[in-house]
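Step one of this worksheet: look at the structure below.
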Protein chains: 2
Amino acid sequence: MPATFRNHLEKFIEINDDEYAEISTYFTQASVRKKENLLEEGQICRSHFFVLSGCLRKFFINDKGVEQTTEFAIENWWITDNMAYERQQSTGFFIQAVEPSEVLVISHDAQEALLRNVPAMERYFRFVYQRAYAASQMRIKYLYDYSREDLYYHFHDHYPEFVQRIPQYLLASFLGFTPEYLSEIRSKRRS
Amino acid sequence: MPATFRNHLEKFIEINDDEYAEISTYFTQASVRKKENLLEEGQICRSHFFVLSGCLRKFFINDKGVEQTTEFAIENWWITDNMAYERQQSTGFFIQAVEPSEVLVISHDAQEALLRNVPAMERYFRFVYQRAYAASQMRIKYLYDYSREDLYYHFHDHYPEFVQRIPQYLLASFLGFTPEYLSEIRSKRRS
DNA sequence: CGGTCTCTTGACGGAGTTCAAAGCTAGTGG
DNA sequence: CCACTAGCTTTGAACTCCGTCAAGAGACCG
C-alpha cells in the first residue's frame, strides 16, 4: 500500500512497521476509470472505500429518474453507504468515479477482523466516524439554514478548488437543485 | 449511575464490575426541567450528554430570529454540538429539555481520559459514532429525496410515538418548515 | 467535422413562506 | 376548582423561490 495511507493513519494513531504490515493485509487496492461504478443500487454493500487519489461521488436515482448526489469523496476520505454496509444489506446508492481514481478497498468482514486484531484501528475509526458525524451535522444545519443560492455561495467560498474540479451539473445535484437554477444564480452575480 | 446506562453499554461491549466502577467516575448526573438549557449559543461546548430519560432537542436561531430544531435526543441517545465539542470552540446551538429529563454529563477532557484509560470505550464510541453517522447520512438522503409533505408522513409513520410526544411546532421546526404548513398538510388528510 | 454532453436563457407553474387574525388548550395562581 | 393568560394551532390571501419544460449555444471527443 502507498505511503500516503500510512501518513494519513499517523495523523490519528501511532503505528510501527509490524502493525502497518498487518494492517495492509486487510486491504486491496483498485483503480477506477471515470464514470465507473464501485457500487450499484440493489447490490449488497460489502466494501468501504478509501480514496488515495481522484474523486468519487455517491448518488441515488429519485422517483423522477434524476441522479441526486449526496456526497463527494476526495483524497483521504472514506466513502460507502454506511447504513447498508453496517447491516450488510442491499443499497439504494451508486458510488461512481468522477475522475480516474485510486482506492483502497476493505470488506466488511475484513474491517471487523481488523478492528478486533489491531486495537489502534478502533481508535482510528472512532476518530474518522466522529469527524464524519460532526461534518454531517453541520451539513444538515446548512441545509436548514441556507437558501439554495446561499448554499452555492457557501460551497463556492469554502471549497473553491472543488468547484473548479467538478462539472456544474454535479455541483447542482450535490447542492440539491437543478443545473438551470445554478446557471441563473451564476448569471446574477456576473451582471 | 443508573443500571440503564450499564445495560446500554453492554449492548456494544463487555465490561466487568471494576471497569464499570471506573467508567462511572468520569460522569456526573443532572436533572433538567422542561425548557431549561444545557447549552447556549456562544458558550464553549464542553459537555457531551447522554439521555437517561426524557427528551432534549438541539436548535439554532436563524437570521430571521426563528428557532430551527436540527436534532432530538431521547432515552439512550447522545447529544452535543459535535463540531464545537471536538474542537472545544464556541457553539451556534442551544440544547434544551423538551420534557423534564435525566442526563449523564461528561466533559471533553474526561471523555479523552476515559478513551485513553478504558480501551473498550474506544470500541463503544466507535459504534456510537458509526451508527450516528449512518443515520445522519440517511437523514440527508431524505432531505434531498422527499418533499416537506413526504417528510412529515415518513416521520409520522416511522416514529408515531414521537409525534404523540412532542408539540407540532417543534415537529415542524425539525422537519424544516413552518407550523402553518404542517397544519395545512394535516387538514388535507383529515378531509 | 459531426454528435453527444454540458451550460444558458426564458416562460410558466406549484410547493411552501409570510403575515395577520381568530380559535383552541393547557398551565398557573388565586 | 375555576378563570385568565400565554402559548399553540388553524385558516386564508398574497407572494417568492425554485422546478419544469423547451429550445438554443458552446464545448469536448472520436
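A, B, ... follow the sequence lines: proteins, then strands. Residue 1 opens every chain. What you see is a predicted model, and the numbers here were worked out from it, not measured in a lab.
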What's the CD1-P distance between A:Ile185 and C:dT8, to the nearest Å?
11 Å
Other hydrophobic cluster members with A:Ile61, side-chain heavy atoms of Ile/Leu/Val/Met/Phe/Trp/Tyr under 4.5 Å, chained?
A:Phe59, A:Phe94
Who else is in the cluster with A:Val105 when I, L, V, M, F, W and Y are joined by side-chain contacts under 4.5 Å?
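Result for A:Val105 is A:Val32, A:Leu38, A:Leu39, A:Phe49, A:Val51, A:Leu56, A:Ile79, A:Ile95, A:Val103.
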Can you give me the N/O atom pairs linking the protein to nucleotides 14-19 of chain D at distances under 3.5 Å, or say none if there are none?
unit_1 : atom_1 : unit_2   : atom_2 : d
D:dC18 : OP1    : A:Arg148 : N      : 3.1
D:dC18 : OP2    : A:Tyr181 : OH     : 2.6
D:dG19 : OP1    : A:Arg148 : NH1    : 3.4
D:dG19 : OP2    : A:Thr178 : OG1    : 3.4

Do other residues, nucleotides or ligands put more than 12 heavy atoms under 6.0 Å from the CH2 atom of B:Trp77?
no
So if I take residues 154-172 of chain B and measure heavy-atom distances to DNA chain C, which residues fall below 4.0 Å?
none
How long is the gap from OG1 on B:Thr91 to NZ on B:Lys58, to the nearest 0.5 Å?
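Result: 7.5 Å between the selected atoms.
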Nucleotide by nucleotide, nucleotides 22-27 of chain C touches protein heavy atoms under 4.0 Å in the pattern (B base, S sugar-phosphate only, - none) ------
Quick note, salt bridge (charged side-chain N to carboxylate O under 4.0 Å, His left out) partners involving residues 3-17 of chain A, not counting sequence neighbours, are A:Arg6-A:Glu10, A:Arg6-A:Asp17
What residues form a salt bridge (charged side-chain N to carboxylate O under 4.0 Å, His left out) with [X], not counting sequence neighbours?
X        : answer
A:Glu22  : none
A:Arg116 : none
B:Glu149 : B:Lys188

Mind checking whether A:His108 and A:Tyr85 have side chains closer than 4.5 Å, heavy atoms only?
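Of all side-chain heavy-atom pairs linking A:Tyr85 with A:His108, at least one is under 4.5 Å.
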With 3.5 Å as the limit, what N/O pairs link the protein to nucleotides 22-27 of chain D?
none

Given D:dT9, is OP1 or OP2 found less than 4.0 Å from the side-chain N or O atoms of B:Arg186?
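B:Arg186 to D:dT9 OP1/OP2: no side-chain N or O under 4.0 Å.
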Apply the test side chain to side chain contact (heavy atoms under 4.5 Å, CB included) to residues B:Met121 and B:Ile13: give CA-CA distance (whole Å), side-chain angles for both, the deciding distance (0.1 Å), then the verdict.
CA-CA 8 Å; B:Met121 291 302 281; B:Ile13 56 173; 3.9 Å; yes
Tell me every residue that passes side chain to side chain donor-acceptor pair (under 3.5 Å) with B:Glu19, counting only those two or more places apart in sequence or in another chain.
none
Is there any side chain to side chain donor-acceptor pair (under 3.5 Å) pair reaching into residues 59-68 of chain A, and which pairs are they, with sequence neighbours excluded?
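Those involving residues 59-68 of chain A are A:Arg57-A:Glu67.
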Expected output: side-chain B:Tyr144 to main-chain A:Phe174 donor-acceptor under 3.5 Å:
yes
